[in-house]
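All values below come from the heavy atoms of this structure, side chains included, with hydrogens, waters and symmetry mates left out. From a predicted model like this one, the values you see are computed outputs, not experimental measurements. Throughout, protein chains are lettered first and strands after them, A, B, ... in sequence-line order, and every chain is numbered starting at 1.
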Amino acid sequence: MVSILLIEDDIALRKQIRFFLENTFSIFEAGNKKEAFDALKTNKIDIVILDLGLPPNESTPDEGLRVLDHILGKYACKVLILTGQKTEGIALEAIKAGAFDYILKPASTKKILYAVERAMLFKETEEQLERQGIKKISLDVEMGKGLQTLRDEADKNIILRILRDTNFNVYQSAKILGVKRESLYYFLKKFGVKRTYDD
Amino acid sequence: MTIESIYPFFIFAGLVIIGVLIYIRYLTRKAIRSVLELFDLNTQLDYDLHRFLPEVIRVLKKINIDDLFYDVLYLNTALINEKTIHGNALEKDIQRVDYRIKIGIVPRHSRGEQYYLNMIVLEILFFLVEMDVLLRIKVIHEAFYKFSKLQTFILHDAKNLAQFIEFLSYNVRHLETSERQERFISYLKETLPAQSRRGAAIINFLEMEKETDIETAHKITIDIKALLENLANHYRLNCTVTGEGSIVAEEYKVLSIFDNVLKNVYDKSLSEPDLTCHLDIAATGDSLRIEISDTGSPIKDNARLFEPFYSTKRGGLGIGLFQAKNIADAMKGNIRVLPQATGAAFEITLPTHKEE
């Protein structure tokens, strides 16, 4: 069963979303960053529905964006943002960080269900492709900066992806990438990649 | 020429100097009186330029200034009075990003010493007008800033509420089995206190500083221990509660006081996971004393803690503790911060009103 983590500080709303989805999906809940990190650590989560206005800064997206960065840096789940934070800059930042979708509250149940189903389809397809040895990576590059930037970004992205999949095991990652360990260390230094630990 | 023949000259020169000094003193005193009158007038008219500037000429005429003209522009507001009398005018103007001020006076005489007095009067009048303009700009900017903060707060809750209703209306039409019906009701039961607190917060927020009519207020007996335990559970605080007591009051107000204080402890606990708190309830005569202490970091900026719209938290509205204090004061109670060697502590005193 596909598992969904609801990260929403409004308990009344969270319970209604849970009731809406729990017949079809396995649901986990979190009301703040710590609960979210605990839930992600102890369960295999496929999709996250994330509210950006989390305590202690409910009126800013800061805490939500921190949670988003943490999830995308460590886990391979799809993140749907469901928030009341209506600023073009915030949506841009969230999507740039790798959020799958950005839905503004209040949204219809139909729209939310559609986004969940789409995320599920993408996740399943990517997993299927991965089983065939094909990995999907996403790139954010400024086109005017030339091919070198594009190549660097692609290198960085694929290395990060493999490292995450191997739980930062450099030996295994080098093997999967077909390069020497020394070369991988060179890339890690070049891209300034350091292992981050859970808060 | 003998020395005695020069005496009358000295006496005459001395009398002239005394006469000049008396005249200058007279002029200066008149000018100072008028300037003080301008200060008073500005205060009486609430630093409102639209009322102040038309009245200024009445005062200036007492010191032989026949006309006042001005062109003041700030935040899309213009105040213009054209020069009506011909004569030698003294003018001063300034142009800034937010405002423009031009002020001129037409004195009846502008000879010698009178010129300098007129200049001083003009400079002081200009200073008063510029202060009024800056005050108005600051007040308006702050009003916009606070309004946008309030709007963000209300919008956050209103959007969540609208989203809640959207899901609720869908869910209520999809209670296919008795098991789902039971679960739906259990979720509602579990979350009703939170909804009630949200309602209380919004009402208190909108009612800020408005006294509820004591005769019509709906007061009930509130078990403070149960209320604190529920709140501590809601915020999942590692908390102990000692003592007990009850008061007769409007529930949403009491809830709002403790919710605002405990929300601060909760916010702190998010970055200080080892934080524990202790709530102590004690009856003292006809009031209840509740101490809320925690082992977390000490309170920052103690002196400004209850100041409205002041927050040490990024994006914080700075209204919670201000609101809590307002409600407690209106109930003839009090909230204060207790001096602590470590951690933080609040003392809340509320009248029990049990005789009513």
**OP:** Step through the shown structure and confirm whether more than 12 heavy atoms of other residues, nucleotides or ligands are within 6.0 Å of NZ on A:Lys180.
**Re:** no

Original post:
At a heavy-atom separation under 4.5 Å, does A:Glu58 approach chain B through its side chain, its backbone, both, or neither?
Top reply: both

**OP:** Using non-hydrogen atoms and a 4.5 Å limit, figure out which bit of B:Gln195 sits close to chain A: side chain, backbone, both or neither.
**Re:** side chain

**OP:** Run through A:Arg14, A:Lys15, A:Arg18 and flag the one making a side-chain hydrogen bond (donor to acceptor under 3.5 Å, both in side chains) with B:Tyr187.
**Re:** A:Arg18

Original post:
If you measure from the Lys or Arg side-chain nitrogens to the Asp or Glu carboxylate oxygens, is any gap between A:Asp38 and A:Lys34 under 4.0 Å?
Top reply: yes

Subject >> chain A contact via B:Tyr170 - which portion, at a heavy-atom distance below 4.5 Å >> reply: side chain

Subject >> Charged tip of B:Arg180 within 45° of A:Phe19 ring normal and under 6.0 Å >> reply: yes

**OP:** Taking atom NZ of A:Lys175 as the centre, report whether more than 12 heavy atoms of other residues, nucleotides or ligands fall under 6.0 Å from it.
**Re:** no

Original post:
With no hydrogens and no angle check, do the side chains of B:Tyr235 and B:Asp259 hold a donor and an acceptor under 3.5 Å apart?
Top reply: yes

**OP:** With a 4.5 angstrom heavy-atom cut-off, could you sort out which part of B:Leu188 is near chain A: side chain, backbone, both or neither?
**Re:** side chain

**OP:** Using non-hydrogen atoms and a 4.5 Å limit, figure out which bit of B:His156 sits close to chain A: side chain, backbone, both or neither.
**Re:** side chain

**OP:** Check whether B:Leu270 gets within reach of chain A through its side chain, its backbone, both or neither, counting any heavy atom under 4.5 Å.
**Re:** side chain

Subject >> Winner by heavy-atom pair count (cut-off under 4.5 Å) against chain A, out of B:Arg183, B:Lys268, B:His234 >> reply: B:Arg183

Original post:
Which region of A:Thr83, side chain (C-beta onward) or backbone (N, CA, C, O), has a non-hydrogen atom less than 4.5 Å from a non-hydrogen atom of chain B, or is it both or neither?
Top reply: neither

**OP:** May I ask you to decide whether A:Glu126 forms a salt bridge with A:Lys123, counting only side-chain N to carboxylate O separations under 4.0 Å?
**Re:** no

Original post:
Picking from A:Ala12, A:Gly84, A:Gly31, which has the most non-hydrogen pairs under 4.5 angstrom with chain B?
Top reply: A:Ala12

